[in-house]
Visitor: 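There's a structure below that I have some questions on.
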Amino acid sequence: MRDSDTPLPLELALTIRHDGNGGVTDDLDHAAALEAWVRAHPRTHPAPDTFTADETDLAAVHTLRTAVRTLFAHAVRPTPPSPADASRLLPLAEALRRLNEAAARTPTVPVLDWPDGAGPVSHRQPAPGEGADLTATLAHATITFLTGPDRERLRACHAPRCVRYFLKEHPRQEWCKPSCGNRARVARHHERHRRAG
Ligand SMILES: [Zn+2]
């Protein structure tokens, strides 16, 4: 599996997904699954290939993910959140507390970079002597994402059965992918016929 350009917090949110049968499944439901996810997303860790997770690590990622999905639900207002966990979201203050607590596990310092032919850019990296904590890395990425331009493009897909958050690529996009658009059109068509009949 190749690491994609999808922002990390979105990748994390998408580990809760539709199971194909009208229910919801969790890609991170045991520690080995978390290890595989980190290897598939090497941006999450300085040594993804030797990363190991136990139940405590898994619980920490679940705690953070609930906060991220709550903040995503907040970001897509006034449209409704993903139906996967709409009834289990945290109060906003609690989501912020969990996110900031995770971010604080790895103190970072600002780093200036000035690539050839471009303007100076800054990013943050773990302070000298600090190891990188997985949930801290994910929390830092979430802070960057929510305070950056991509937040405005975040949407919840409300096609039948879909529970995905996605980034809108063009102004009229309503669904996360064409197959969701097709399902939504078929459902609307049936609904019209039901009412007409
Ligand atoms: Zn969808």
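Numbering of ligands and ligand atoms starts at 1, following listing order.
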Visitor: Using the side-chain hydrogen bond (donor to acceptor under 3.5 Å, both in side chains) rule, collect all pairs that involve residues 154-179, keeping only residues at least two apart or in two chains.
Guide: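 Passing the test, one end in residues 154-179: Glu174-Arg188.
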
Visitor: Going by distance alone, is a donor N or O of one side chain under 3.5 Å from an acceptor N or O of the other, for Ser82 and Arg69?
Guide: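 Note: Ser82 and Arg69 side chains meet the donor-acceptor criterion.
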
Visitor: Could you check, using the six-membered ring where one of them is a Trp, whether Phe166 and Phe72 have ring centers closer than 6.0 angstrom?
Guide: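 Centroid distance Phe166-Phe72: not below 6.0 Å, so no.
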
Visitor: Looking at Arg39 and Asp49, does any basic side-chain N land under 4.0 Å from a carboxylate oxygen?
Guide: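 Asp49 and Arg39: not salt-bridged.
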
Visitor: Could you tell me whether Arg88 and Asp85 make a salt bridge, using a distance below 4.0 angstrom between a side-chain N and a carboxylate O?
Guide: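 Asp85 and Arg88: not salt-bridged.
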
Visitor: Treat each ILVMFWY residue as a node, draw an edge where side-chain heavy atoms are under 4.5 Å apart, and state whether Val38 and Leu64 are in one component.
Guide: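 In one cluster with Val38: Leu64, yes.
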
Visitor: Protein N/O/S atoms under 2.8 Å of the Zn ion (ligand 1)?
Guide: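 Listed by chain and number, the atoms are Cys157 SG, Cys162 SG, Cys176 SG, Cys180 SG.
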
